Amino acid sequence: MDKPVIGFIGYGNMAQAIAQGLVNAGVVPGERIVACAGHFDKLERNTATIGAQAKHDAAEVVEAADIVVIAVKPYQIEGVLGPVSEELKSGKPVIVSIAGGWGLEQYRELLGDGAHVQCAIPNTPIAVGKGILVTEESNALSDEEAKIFEEIFSPIAQIERVDSEHLGIATDIAGCAPAFTAMYIEALGDAGVQHGLQRATAYRLAAAMAEGVGALYLATGTHPGAMKDAVCSPGGSTIRGVVQLEKDGFRGSVIDAINAIEA
């Protein structure tokens, strides 16, 4: 059986991260990916890196694809999908939307009940098969289509299903916090350099540490507070660092950053 053709309407950074992840994981070969975007010359260069096919418009993508990923800005959706709305209303191809702020109900208002839609928001580590796909529980997929969705995306992301009301906050944590984590890794790197480490070495140590802590939690389910306590011996160096972070408002700053997104 041929692998499905994955189409992208919009081919910015996140769409490219998904496409790269799918190819790297062997989910589909590059030639089974098609995409359209606003600037065709740039699109050709970006798709060429994985052997994908550049298409001139959404109609060509919809015609070629079994699954179409909507990867344009939310304000562009109605204009981009308008010319292909009749095709999408038929339920073929399946729609996977990664546009923030658009859920199943908005797509039903635009395309009616006939469109088969799953809304999901990825984060950038999906490019290396370590992503999170915050996925709206409500969807318009058949059981078979839902199975195919899982088969395509589970090799490159943890699929986390949340109700529509909490899609936004879940996306903030999974999708925005990689920027915060990158800042944390960079700061640890700066500290390492300050004390004589080569920058590349400091970054590798910090990045592997962050990945390992996450893996440990996912494997054991140990409360993060208990994981912190396990590293802090009485009177030791780690607890001194923890106390300084508490004095500097580390936890509050993280919470404030999420609140700023939600504001």
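In this text, all values refer to a predicted model and were calculated from it rather than measured experimentally. Numbering of residues begins at 1 and proceeds along the displayed sequence.
Closest approach of Pro93 and Val68 over heavy atoms only: CG-CG2, 3.4 Å. Contact between Ser138 and Ser164 at its shortest, heavy atoms only, is OG-OG, 3.9 Å. A pairwise comparison of heavy atoms in Gly175 and Asn123 identifies CA-CB, 4.0 Å as the closest pair. The shortest heavy-atom contact between Ala15 and Gly10 is CB-O, 3.5 Å. Contact between Ile156 and Gly21 at its shortest, heavy atoms only, is CG2-O, 3.3 Å. Closest non-hydrogen pair, Glu87 versus Ser90, comes out as O-OG, 2.5 Å.
The CG atom of Leu167 sits 7.5 Å away from the SG atom of Cys119 when rounded to the nearest 0.5 Å. The distance from the CD atom of Glu165 to the CD atom of Glu136 is 12.0 Å, given to the nearest 0.5 Å. The CG atom of Asn259 sits 9.5 Å away from atom CG of Asp172, with the distance rounded to the nearest 0.5 Å. A distance of 12.5 Å separates CD1 of Ile185 from CG of Asp190, quoted to the nearest 0.5 Å. Residue Ser142 holds its OG atom at 11.0 Å from NZ of Lys147, rounded to the nearest 0.5 Å. Atoms CG and CG, on Asn46 and Asn13 in that order, are 8.5 Å from each other to the nearest 0.5 Å.
Here the side chain of Lys3 pairs a donor or acceptor atom with the backbone of Gly26 at under 3.5 angstrom. The backbone N or O of Glu31 sits less than 3.5 Å from a side-chain atom of Gln53, completing a donor-acceptor pair. Without hydrogens or angle criteria, Thr201 side chain to Leu197 main chain gives no donor-acceptor distance under 3.5 Å. A donor-acceptor pair is defined here as one N or O able to donate and one able to accept, closer than 3.5 Å; no such pair exists between the side chain of Gln244 and the backbone of Gly241. Between the side chain of Gln118 and the main chain of Ser97, no donor-acceptor pair closer than 3.5 Å is present.
Here Glu105 pairs with Arg108 in a salt bridge; the nearest charged N to carboxylate O distance falls below 4.0 Å. Salt-bridge check for Glu145 with Lys92: passed, with a basic side-chain N closer than 4.0 Å to an acidic carboxylate O. The pair Glu246-Arg240 does not count as a salt bridge, with every side-chain nitrogen at least 4.0 angstrom from each carboxylate oxygen.
Cluster membership for Ile70 and Ile18, using ILVMFWY side-chain heavy atoms within less than 4.5 angstrom, is not shared. Tracing side-chain contacts under 4.5 Å through hydrophobic residues (I, L, V, M, F, W, Y), one never reaches Ile95 starting from Val28; they form parts of separate clusters. No path of Ile, Leu, Val, Met, Phe, Trp and Tyr side chains, each step under 4.5 Å between heavy atoms, connects Ile9 with Ile33, placing them in separate hydrophobic clusters. When hydrophobic clusters are built by joining Ile, Leu, Val, Met, Phe, Trp and Tyr residues whose side-chain heavy atoms come closer than 4.5 Å, directly or via intermediates, Phe40 is not grouped with Val84. Clustering ILVMFWY residues whenever any of their side-chain heavy atoms sit less than 4.5 angstrom apart, transitively, puts Val72 in the very cluster that holds Val34.
Shown here are the side chain to side chain contact (heavy atoms under 4.5 Å, CB included) partners of Ala226, two or more places apart in sequence or in another chain: Thr222, His223.
Atom CD of Gln198 sits in a sparse spot, with 12 or fewer heavy atoms from other residues, nucleotides or ligands closer than 6.0 Å. Atom OH of Tyr184 has 12 or fewer neighbouring heavy atoms from other residues, nucleotides or ligands inside a 6.0 Å radius. Taking a 6.0 Å sphere around CG of Asp143, one finds it holds 12 or fewer heavy atoms contributed by other residues, nucleotides or ligands. More than 12 heavy atoms of other residues, nucleotides or ligands sit less than 6.0 Å from atom CE of Met209. Applying the 6.0 Å contact sphere to CD of Glu151 captures more than 12 heavy atoms from other residues, nucleotides or ligands. Surrounding NZ of Lys130 are at most 12 heavy atoms belonging to other residues, nucleotides or ligands under 6.0 Å away.
Using a 4.5 Å heavy-atom cutoff, the side chains of Gln158 and Leu218 are in contact. Ile132 places none of its side-chain heavy atoms less than 4.5 Å from the side chain of Pro122. A 4.5 Å side-chain heavy-atom check between Ile169 and Glu262 finds at least one atom pair inside the cut-off. At a threshold of 4.5 Å between non-hydrogen side-chain atoms, the residues Ile6 and Arg32 do not count as touching. For the pair Val94/Val117, no side-chain contact is recorded, criterion being any heavy-atom separation below 4.5 Å from C-beta on. For the pair Thr238 and Ser233, the minimum side-chain heavy-atom distance is 4.5 Å or more.
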Worksheet item: Going through the checks in order, is the side-chain contact (heavy atoms from CB on, under 4.5 Å) test met by Val213 and Leu216?
Response: CA-CA 5 Å; Val213 171; Leu216 181 61; 5.7 Å; no
Worksheet item: Please walk me through it: do Asn139 and Arg161 pass side-chain contact (heavy atoms from CB on, under 4.5 Å)?
Response: CA-CA 11 Å; Asn139 63 75; Arg161 295 190 177 274; 4.2 Å; yes
Worksheet entry | Residue pair Ile148, Glu144: steps toward the side-chain contact (heavy atoms from CB on, under 4.5 Å) verdict | CA-CA 6 Å; Ile148 293 170; Glu144 181 62 24; 4.0 Å; yes
Discussion item. Walk me through whether Met14 and Thr124 qualify under side-chain contact (heavy atoms from CB on, under 4.5 Å).
Written reply: CA-CA 6 Å; Met14 194 61 75; Thr124 51; 3.9 Å; yes
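Aromatic pair Phe149/Phe153: ring centres closer than 6.0 Å.
Residues Gln20 and Asn24 have side chains that bring a donor and an acceptor to within less than 3.5 angstrom of each other. The closest side-chain donor-acceptor pair between Thr47 and Tyr11, if any, does not fall under 3.5 angstrom.
Ring geometry, Trp102 versus Tyr107: the interplanar angle exceeds 60°, so the pair is classed perpendicular (tilted spans 30 to 60°).
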